Amino acid sequence: MPDTQPRLHLHDSRTRSTVPFVPLDPLNVRVYYCGPTVYDLAHIGNLRAMLTADVLVRLLRHLYPHVTYVRNITDVDDKINARALANSESIAELTARTIRDFHDDLAAVSILPPDVEPRATHHIGEMQDMIHRLIKSGHAYEAEGHVLFAVGTYDSYGALSGRSPDDLIAGARVEVAPYKRDPGDFVLWKPSDDQTPGWDSPWGRGRPGWHIECSAMSHRYLGESFDIHGGGSDLLFPHHENERAQSMCCHPHGRFAAHWVHNAMLLVNGEKMSKSLGNFLTVRDVLRDTPAEALRLLLLRAQYRSVLNFTQAGLDEARQMLDRFYRALEHLPEQPAPLPPPPDGFVSMLCDDLNTPRALAEMHALADAALGGDTLAARQLKAAGNLIGLLHDTPEQWFRGRSTVDAGAIEALIAERLAARKARDFGRADAIRNELAAQGIILEDGPQGTTWRQA
RNA sequence: GGUCUGGUGGCAGAAUGGUGAUGCAGCGGACUGCAAAUCCGCGAAUGUGGGUUCGAUUCCCGCCCAGACCUCCA
């Protein structure tokens with residue numbers, strides 16, 4: 001890497017500090033993110049996590065020659081079993097449809113696919129291998145058809161989420177199964193009855209616990225040590241704590257994830273999203289009447305570690321910001337040319353723990369310059385936007401793409417209005433403009449004539 | 001109850017031990033037949049009580065409030 005490149009600093013959840021990011025192998029930066037449990041449509045909270053990963057990986061790809069990004073799919077889970085039963089459909093149908101919808105929703109907001117997207121059910125063997133090793137090394141034990149991880153065998157248990165084992169026990173709100181040696185012990189393998197998906201194993205027919213899949217799949221695709229592991233902050237405990245314990249005990253010479261990234265939660269109108277409050281918003285709900293890019297921009301307006309309050313007003317504002325950006329892109333040079341690199345000022349904001357609000361402020365400055373006629377700034381604006389997955393449209397697509405009104409009819413009315421204006425019949429001219437406005441079409445009289453756009 | 005975050009203009013949202021970004025909204029002006037867009041300008045904020053300090057929004061403590069986690073969760 002040339003020394004002029006801004007250097008990436010990332011907040012690490014384990015040490016609770018922002019530290020320089022130093023790849024284990026600069027030629028292959030390795031990232032693992034916890035993907036969806038596929039039993040329902042993705043909601044905008046899921047989206048925030050996937051988007052944080054997307055921006056991080058896009059930035060890493062800008063800074064380093066190669067990135068391996070792995071994001072799993074959890075397709076074995078008791079919520080899936082319950083939903084399939086409720087829907088009277090097979091688990092295979094439910095998971096296949098949900099995965100398809102998930103991919104569509106993410107693609108709609110320009111989230112790039114991971115390099116590897118492993119499915120839990122395709123890695124049962126790897127999980128069983130790990131469980132076997134953990135039993136052999138004394139970190140796991142069998143009890144009543146279950147295999148449990150013994151948290152007491154891992155000194156550093158609790159270090160990731162920053163809590164002591166005592167804290168964990170004190171507030172436990174779920175009944176502790178009697179076969180656990182320690183209340184904190186968690187399931188690696190559990191028995192399945194005839195109605196429940198299961199796989200044969202040395203411990204009987206059963207299915208994996210929640211955490212072991214990520215340990216098995218990250219190991220398979222990224223090795224004993226990799227650079228970044230991420231997800232929503234609600235995964236920090238117990239999911240990531242348990243993953244880490246399993247993996248570190250199974251592969252004591254590795255360090256598992258060198259760096260932990262967790263995004264903060266999303267609120268809707270100031271409240272946590274929940275089905276009981278009825279404010280549970282799927283990506284699809286939002287995209288029904290909002291351009292996907294506005295949703296993406298809204299989520300990038302807050303730094304990923306800040307709680308973000310999702311509102312319709314915020315969505316509208318994001319759309320207005322894009323109006324201005326695209327207006328600035330109208331100042332791109334006529335003949336297409338390769339874009340310049342995004343300006344260092346912009347990249348260094350992203351390198352400051354993904355400070356997207358400040359990066360967007362840089363883009364506003366570029367937009368100002370572009371609107372003043374600076375074509376280089378216009379090109380830099382597009383390059384900057386593209387780096388974080390924005391501004392892929394042309395201004396024409398942005399301002400007119402969603403319009404359902406016939407363009408020929410609009411042009412005819414514009415011509416008629418022009419004639420009326422020449423005749424100084426402003427009554428007729430304004431009537432035409434109002435007529436179009438009623439259809440959501442805004443006319444703009446400029447030095448080069450009249451143009452139109454969708455409201 | 002335990003652990004942990006956070007509280008910044010009307011709203012969203014950065015940063016900082018020493019004149020507190022940016023965007024939206026608002027107000028005034030330019031431009032326009034009128035608009036829209038654009039441009040110029042303006043007003044507007046560090047929850048609360050202490051402490052440390054020459055100086056605190058920033059560091060420390062109490063309080064209030066909000067949120068997350070405490071074995072389903074992005």
Side-chain angles (χ1 to χ4, degrees), chain A residues 13 16 33-37 39 42-53 77-79 82 151 158 161-164 166-177 180 183-187 209-211 230-239 241-242 262-267 270-274 297-298 301-311 313-321 323-324 327-328 330 349 352 355-365 367-368 371-373 421 424-427 429-430 433-434 437 442-447 450-453 455:
Chain A
S13 309
R16 288 186 215 175
Y33 245 78
C34 290
T37 300
Y39 69 102
H43 58 67
I44 56 176
N46 301 127
L47 186 69
R48 188 181 197 194
M50 298 298 100
L51 180 59
T52 301
D77 181 277
D78 289 349
K79 287 192 294 293
V151 297
S161 54
R163 46 190 95 199
S164 71
D166 293 343
D167 296 337
L168 301 177
I169 296 160
R173 62 183 172 191
V174 168
E175 234 177 296
V176 174
K180 286 187 180 180
D185 291 353
F186 56 90
V187 169
W210 175 30
H211 317 294
S233 64
D234 50 354
L235 294 183
L236 187 52
F237 187 87
H239 184 53
E241 188 72 59
N242 292 354
H262 291 95
N263 61 276
M265 298 292 98
L266 193 62
L267 301 181
E271 296 176 310
K272 179 179 171 157
M273 261 198 305
S274 76
L297 178 56
L298 170 64
R301 288 186 62 199
Q303 204 263 357
Y304 73 95
R305 288 191 292 115
S306 300
V307 173
L308 171 61
N309 185 17
F310 179 95
T311 61
L315 212 46
D316 295 342
E317 205 180 301
R319 205 171 133 174
Q320 289 183 81
M321 284 172 62
D323 281 343
R324 186 173 161 89
R327 227 173 263 290
E330 288 172 342
M349 291 302 110
D352 180 12
N355 195 329
T356 48
R358 284 177 72 181
L360 289 168
E362 295 289 320
M363 286 174 64
H364 285 297
D368 288 344
L371 285 163
R421 290 177 72 209
R424 304 199 63 80
D425 179 0
F426 295 121
D430 289 347
R433 186 164 58 201
N434 291 337
I442 292 170
L443 297 186
E444 299 183 340
D445 299 326
T450 300
T451 57
W452 65 273
R453 65 182 166 94

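Quick caveat: nothing in here was measured; it's all calculated off a predicted structure. Every chain is numbered from 1 and lettered A, B, ... according to where its sequence line falls, protein lines coming before strand lines.
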Say you pick atom [atom1] in [N] and the same atom in [M]; how far apart are they, in whole Å?
{"N": "C64(B)", "M": "U52(B)", "atom1": "C1'", "value": "23 Å"}
{"N": "U22(B)", "M": "C40(B)", "atom1": "P", "value": "13 Å"}
{"N": "U57(B)", "M": "G26(B)", "atom1": "P", "value": "32 Å"}
{"N": "U53(B)", "M": "A44(B)", "atom1": "C1'", "value": "30 Å"}
{"N": "A21(B)", "M": "A45(B)", "atom1": "C1'", "value": "13 Å"}
{"N": "G51(B)", "M": "G9(B)", "atom1": "P", "value": "25 Å"}
{"N": "A14(B)", "M": "A37(B)", "atom1": "P", "value": "27 Å"}
{"N": "A74(B)", "M": "U3(B)", "atom1": "P", "value": "27 Å"}

When the distance from [atom1] of [X] to [atom2] of [N] is rounded to whole Å, what number comes out?
{"X": "Glu444(A)", "N": "C34(B)", "atom1": "CD", "atom2": "P", "result": "17 Å"}
{"X": "Arg421(A)", "N": "G33(B)", "atom1": "CZ", "atom2": "P", "result": "7 Å"}
{"X": "Gln320(A)", "N": "U22(B)", "atom1": "CD", "atom2": "P", "result": "18 Å"}
{"X": "Arg305(A)", "N": "U5(B)", "atom1": "CZ", "atom2": "C1'", "result": "10 Å"}
{"X": "Met363(A)", "N": "G13(B)", "atom1": "CE", "atom2": "C1'", "result": "16 Å"}
{"X": "Leu236(A)", "N": "C70(B)", "atom1": "CG", "atom2": "C1'", "result": "12 Å"}
{"X": "Asp77(A)", "N": "A74(B)", "atom1": "CG", "atom2": "C1'", "result": "14 Å"}
{"X": "Glu241(A)", "N": "U71(B)", "atom1": "CD", "atom2": "C1'", "result": "12 Å"}

Pairwise distance [atom1]([X]) to [atom2]([Y]) - rounded to 0.5 angstrom:
{"X": "Gln303(A)", "Y": "Arg358(A)", "atom1": "CD", "atom2": "CZ", "value": "11.0 Å"}
{"X": "Ser161(A)", "Y": "His239(A)", "atom1": "OG", "atom2": "NE2", "value": "13.0 Å"}
{"X": "Asn263(A)", "Y": "Leu51(A)", "atom1": "CG", "atom2": "CG", "value": "9.5 Å"}
{"X": "Leu297(A)", "Y": "Leu360(A)", "atom1": "CG", "atom2": "CG", "value": "5.5 Å"}
{"X": "Lys180(A)", "Y": "Phe186(A)", "atom1": "NZ", "atom2": "CZ", "value": "9.5 Å"}
{"X": "Leu47(A)", "Y": "Leu266(A)", "atom1": "CG", "atom2": "CG", "value": "9.0 Å"}

Seminar exercise, completed: Nearest heavy-atom contact between His43(A) and Asn46(A) is N-OD1, 2.8 Å
Seminar exercise, completed: Tightest non-hydrogen contact, residues Leu235(A) and Cys34(A), listed as CD1-CB, 3.7 Å
Closest to side chain of [X], choosing from [options]:
{"X": "Leu308(A)", "options": "C39(B), G13(B), U22(B)", "value": "G13(B)"}
{"X": "Phe237(A)", "options": "U22(B), U71(B), U38(B)", "value": "U71(B)"}
{"X": "Arg433(A)", "options": "A35(B), C72(B), A74(B)", "value": "A35(B)"}

Scan [X] against the nucleic acid and name what it touches under 4.0 Å (heavy atoms): base, sugar-phosphate only, or nothing.
{"X": "Gly314(A)", "result": "nothing"}
{"X": "His211(A)", "result": "nothing"}
{"X": "Leu298(A)", "result": "nothing"}
{"X": "Leu266(A)", "result": "base"}

Exercise. Going by an N to O cut-off under 4.0 Å, is there a salt bridge joining Arg327(A) and Glu444(A)?
Worked result: yes
Exercise. If you measure from the Lys or Arg side-chain nitrogens to the Asp or Glu carboxylate oxygens, is any gap between Asp430(A) and Arg433(A) under 4.0 Å?
Worked result: yes
Exercise. With no angle test and no hydrogens, is the base of C34(B) tied to the side chain of Asp445(A) by a donor-acceptor pair under 3.5 Å?
Worked result: yes
Exercise. Has the side chain of Arg324(A) got a donor or acceptor that lies under 3.5 Å from a partner of the other kind on the base of G23(B)?
Worked result: no
Exercise. When the nearest nucleotide of RNA chain B is assigned to Arg48(A) and to Ala313(A) on a heavy-atom basis, which residue is associated with the more 5' position?
Worked result: Ala313(A)
Exercise. Which comes earlier along RNA chain B counting from the 5' end, the contact point of Met321(A) or that of Ser233(A), where each point is its nearest nucleotide?
Worked result: Met321(A)
Problem set entry | side-chain contact (heavy atoms from CB on, under 4.5 Å) assessment of Arg305(A) paired with His262(A) | CA-CA 7 Å; Arg305(A) 288 191 292 115; His262(A) 291 95; over 6 Å; no
Could you list the protein-to-nucleotides 14-17 of chain B atom pairs, N/O on both sides, closer than 3.5 Å?
| from | atom 1 | to | atom 2 | distance (Å) |
| --- | --- | --- | --- | --- |
| A14(B) | OP1 | Gln303(A) | N | 2.8 |
| A14(B) | OP1 | Ser306(A) | OG | 2.9 |
| A14(B) | O3' | Asn355(A) | ND2 | 3.2 |
| A15(B) | OP1 | Asn355(A) | ND2 | 3.3 |

For this session: Begin with the C-alpha distance, continue with both residues' side-chain angles, and end with the deciding distance and a verdict on side-chain contact (heavy atoms from CB on, under 4.5 Å) for Arg301(A) and Glu317(A).
Result: CA-CA 10 Å; Arg301(A) 288 186 62 199; Glu317(A) 205 180 301; 2.8 Å; yes
Exercise. Taking C-beta and beyond as the side chain, do Arg421(A) and Asp445(A) meet within less than 4.5 Å on heavy atoms?
Worked result: yes
Problem set entry | Under the 3.5 Å Watson-Crick or G-U criterion, the dot-bracket string of RNA chain B, with | for inter-strand pairs | (((((((..(((.....[...))).(((((.......)))))....(((((..]....))))))))))))....
Exercise. Is there a donor-acceptor pair under 3.5 Å between the side chain of Thr311(A) and the backbone N or O of Gly314(A)?
Worked result: yes
Shorter than 3.5 Å, N or O on both sides, protein versus nucleotides 64-67 of chain B: list them out with atom names.
none

